[in-house]
Protein chains: 2
Amino acid sequence: MYHQAHGRFAYPVAPDTLRVVLRAGKGDLRQVTVVFEDRYQAAERQAQVMERAAADELFDHFQADITLATSRFVYAFLVDDGVQRTFMTEKGFFDDPPKDSGFQYPYIAPQDLWEPPRWAQGAVVYQIFPERFANGDTSNDPKQVEDWDALPTRESMKGGDLQGIIDGLDYLEKLGVEVLYLTPIFESPSNHKYNITDYYRIDPHFGDLETCRELVQKCHQRDIRILFDAVFNHCGYEFFAFQDVIKNGRKSPYWDWFRIDGDTVKTDPPNYETFADGIWTMPKLMTQNPEVREYCLNVAEYWIQECDIDGWRLDVANEVDHDFWRAFRKRVKAAKPDALIVGEVWHEASAWVQGDQFDSVMNYPFADACTAFFAEQSILAETFAHRLAKVQMNHQQVVNRAMYNLFGSHDTPRFLTLAGERREKLKLAAGFALTYEGAPMIYYGDEVGMVGDNDPDCRRGMIWDNKRQDRQLLQWYMDLIALRRSQPLLKTGHCRIAAADSIRNLIAFVRYDDSQQLLVVFNNSDQEQSLDLGEISWPLQPPKAVRDLLTGRKASESVSLQPNQMMVLQ
Amino acid sequence: MYHQAHGRFAYPVAPDTLRVVLRAGKGDLRQVTVVFEDRYQAAERQAQVMERAAADELFDHFQADITLATSRFVYAFLVDDGVQRTFMTEKGFFDDPPKDSGFQYPYIAPQDLWEPPRWAQGAVVYQIFPERFANGDTSNDPKQVEDWDALPTRESMKGGDLQGIIDGLDYLEKLGVEVLYLTPIFESPSNHKYNITDYYRIDPHFGDLETCRELVQKCHQRDIRILFDAVFNHCGYEFFAFQDVIKNGRKSPYWDWFRIDGDTVKTDPPNYETFADGIWTMPKLMTQNPEVREYCLNVAEYWIQECDIDGWRLDVANEVDHDFWRAFRKRVKAAKPDALIVGEVWHEASAWVQGDQFDSVMNYPFADACTAFFAEQSILAETFAHRLAKVQMNHQQVVNRAMYNLFGSHDTPRFLTLAGERREKLKLAAGFALTYEGAPMIYYGDEVGMVGDNDPDCRRGMIWDNKRQDRQLLQWYMDLIALRRSQPLLKTGHCRIAAADSIRNLIAFVRYDDSQQLLVVFNNSDQEQSLDLGEISWPLQPPKAVRDLLTGRKASESVSLQPNQMMVLQ
């Protein structure tokens, strides 16, 4: 049994309301009641039964929102295991808790109440790898452009550019996406441009400052937000500061921008710290150096001010110090208060999303769980539910609402390939992300059935030819995005696993608020399965009959799902 | 079983070394081995058996320091319950963990490696309530000064001042204290001065800027550091900004420095937010207001620059927003890099001491445990050990080394009073604090046997008369401080509970490093007790014979302790 009065276990959700979470051994407790009062006894003691919010493989999580006008909380948990009732306090377990033994959340300071930008919560995101999305201007193509549809190598250049994205906005708007995230577009010799030469210049093969401004403006005209990719963990080999160090050695004013072992730079193997394990093209930047820090923060500010972008995705965010990211947040939010900050963190990321650093992260634990469940079928429904619950309970709810729920990116094989090209599995996974809590992220081309193994194969040229696009799949994406955008519950409703059945391989969750609920069900088996609605843990009054918003079909008592069918039941 | 790859469960202790902690249900696991490698496979996989570092009432904590030159860690725990061995990973439990399932600590960024100022780790602190410590200058006395030895009321004035502290430095140096912490000394109508009128002026009854400078200089000449008390949660009723609001209402430029319900200020009851529950003399400052924030930060900076103080103790620190304290840390450390920041937080405080806010907190959970065990005898040795373990495992070790381990302050009854004036119990508690991990804090006068119930009684005039001082107790304090200062292990050695016996009411801990160990034993019973040295969980090779550094007596196999005796065995 565990609680602490901060972080994910106790956090404000309103100026007068604290969310408290108690974690207990799975199945150990029958009921938990939180008993709370004002720290200075300014109001009467209250009690509230806690909701069983989530369960992972080891733990149950009990949750309640408690309200006090004074915002100064002292509380204890009355835990009941069916045999015994006792109080859990900060000082231990007591039948009769001594004075001053309660947990304390001293005060909800207005400044500590935070959330990611509202527009980002639940928004549908589309990731573009610009060199491969569309070639809108052949005049700026690199020298040796290969055929658009040839299988790419690590060195391939295909000529994709910002004009191509501008030309694709009709398509993207029709698809229904609300946010574009572009991998880097600054000058760089590579196709991925994660080794940046000039942070202040749009790569000439992609366009220029004017094209960039036009792209952002045209996005905004369509109510589409746009994020750029900030690469501050490392720069490119051609970056001016690194070139200066190569030329001038220790005499260079930029010597301390890097960590170099020796007096001159060597590349084979590199005698300087790099990204990952000795990638000589990506010298690691010493972001603890105030000059480097200022340089990077100015870059972040510049593109917001010059182009009005809506935020930054942060590359290799977890290998840069927290202090840098705190300063980054201050600078970015000062430049644009509702800018979004999304970090690339592949693992448990809660250290970065507590209000002082990022608003969101690339939710790779979600991606892993989805691929294991839907694509590889290496885990069954209950394990899938546990993995999701773990991610959910690791974060404050406002963070979960903004999490970039992906199931593939430029750094992974494409989902369809992992799924053995079974389109029905992609439909389930996409349907899952597009109805679940968070910001579902679509990797360009997944929606038209693109396949591809790991980098470089997952970075093929976008399929624009209608005949080669999987139009049925595209329609499925469009329908689900339209449904999501028409149902506020799917964007910002609470979310809770409502059923997970490893035998039938069914999973269901509910999205709900104080007055409405939706049940979303997935049959991840190749057999027809039925779901007894009485088995569902409904947050509100169980409905007598339900209707599938995707097919219009009605049901009561139980619903029957075709193999690999999903339903959104209201 | 629980682990997360950040916070108290995974933190850097050196540029290439990560401390990892696994929490498990008590007694559930027999052995835990951490298996780790470089995230980019730049080095061979390694394995290390984890130490059982601490146990509280519910959990065992296993701990290991793992080292990789590349500072990029991926790891899993091989857990063994005596029946079964399996791996615990970020993705769950596996006999054969799948690829990429390990926990990740992505990189030890140099900036994330932090510690409280070295001088503060383990230093002996002495808290002074200036109005009651010594009257060194009767010319600045308030009008109605009462007799020094009269029992104080809430309104009493006795004339204590900074000159009194200067005069007391011989005494304090002889006692051996290394840090003075002064409750507020800025202009204020009260005796405690927590309702400040002018943050830029020394209270005229205490002295002036010159006296203040002299005090700090004379401390520094004796290698004594000095902390002031920062009251930024609220100001005094007489504070210029609040007076302006009273005078000008909504037209005042300071209106938004406070939260006032209405158009004019009312005091009975107050229609403005205050400290605690309606204390009209202490209007709460809106530290989220940038002007208020800047005002307070300038004050903090001013006294460091003007008087060279060594840091700040922060009043009601837990009712001010975290963002303010982050800015405060930046400003204070910029003014004096080795300044110390100690927050007043009465409960579990880990949210504030993670490197971005405070260096230390007033360790009231330690005080509570010590009073319950030694003074009130309401808990036995095992519960005492559990409470201490909980505090210890809630924090990174560098924080524990700097924690202000008090067992009484101007806000609590004096320990001797709580102990029914049993001096032997105070000797044990003082001996405990002065040998345990952290910065032991002495509340002025405890060392000469002062008594007193809650405020105002705990704020009596310091006893200076030799005949009324408990000289034997004072000698005990001096001996223990001298011992602490002569034994680096007692300052910065690791610390672990080595024995806790509720039947004999014995508790023992070890202080150790890689080559040395000390065992500190306390008999908190009124009977003679013996301790079998074979029962001790020694961190290094068990010694064949030991010697008590306090009495010089030697023993082997077992030691015999008189009622309420403590020993420091080497």
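The sequence lines fix the lettering, A, B, ..., with proteins before strands; numbering per chain opens at 1.
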Original post:
Does any heavy atom of chain B fall under 4.5 Å from the side chain of A/Asp368, the backbone, both, or neither of them?
Top reply: side chain

Subject >> Residue pair A/Asp323, B/Arg326: steps toward the salt bridge (Lys or Arg N to Asp or Glu O under 4.0 Å) verdict >> reply: CA-CA 10 Å; A/Asp323 196 54; B/Arg326 286 193 191 101; over 6 Å; no

**OP:** Could you tell me which portion of A/Arg329 (side chain, backbone, both or neither) has an atom closer than 4.5 angstrom to a non-hydrogen atom of chain B?
**Re:** neither

**OP:** Please look at A/Trp352 and chain B and tell me whether the side chain, the backbone, both or neither of the residue comes under 4.5 angstrom of a heavy atom of that chain.
**Re:** side chain

**OP:** Sort out for me which residue in B/Gln104, B/Arg39, B/Lys91 forms a side chain to side chain donor-acceptor pair (under 3.5 Å) with A/His347.
**Re:** B/Gln104

Original post:
Considering only heavy atoms, which portion of B/Asp38 lies under 4.5 Å from any heavy atom of chain A: side chain, backbone, both, or neither?
Top reply: neither

**OP:** Let me know which of A/Val345, A/Asn318, A/Val316, A/Val320 forms a side-chain contact (heavy atoms from CB on, under 4.5 Å) with B/Pro106.
**Re:** A/Asn318

**OP:** Pull out the residues in residues 270-278 of chain B that come under 4.5 Å of chain A, heavy atom to heavy atom, sorted by number.
**Re:** B/Glu273, B/Thr274, B/Phe275, B/Ala276, B/Asp277

Subject >> Side chain / backbone / both / neither for A/Asp56 at chain B, heavy atoms under 4.5 Å >> reply: neither

Original post:
With respect to chain B, which residue among A/Gln41, A/Gln4, A/His6, A/Gln288 yields the maximal number of heavy-atom pairs within a distance under 4.5 Å?
Top reply: A/His6

Subject >> Donor-acceptor under 3.5 Å (A/Glu348 side chain, B/Glu90 main chain) >> reply: no

Original post:
What pairs meet the salt bridge (Lys or Arg N to Asp or Glu O under 4.0 Å) rule with one or both residues in residues 376-396 of chain A, with sequence neighbours excluded?
Top reply: A/Glu57-A/Lys390

**OP:** Answer whether the closest heavy-atom distance between the side chains of A/Glu319 and B/Arg72 falls below 4.5 Å.
**Re:** yes

**OP:** Report the distance from atom OH of A/Tyr107 to atom CG of B/Asp321, rounding to the nearest 0.5 Å.
**Re:** 9.5 Å

Original post:
Most heavy-atom pairs under 4.5 angstrom with chain A, which of B/Met1, B/Arg23, B/Gln354, B/His386?
Top reply: B/Arg23

Subject >> Side chains of B/Leu58 and A/Phe93 in contact at under 4.5 Å (non-hydrogen atoms) >> reply: yes

**OP:** Considering only heavy atoms and a distance below 4.5 Å, find which of A/Ala351, A/Ser350, A/Gly102, A/Pro98 pairs most often with chain B.
**Re:** A/Ala351

Original post:
If we only count heavy atoms from C-beta on, is the B/Arg259 to A/Pro110 side-chain gap below 4.5 Å?
Top reply: yes

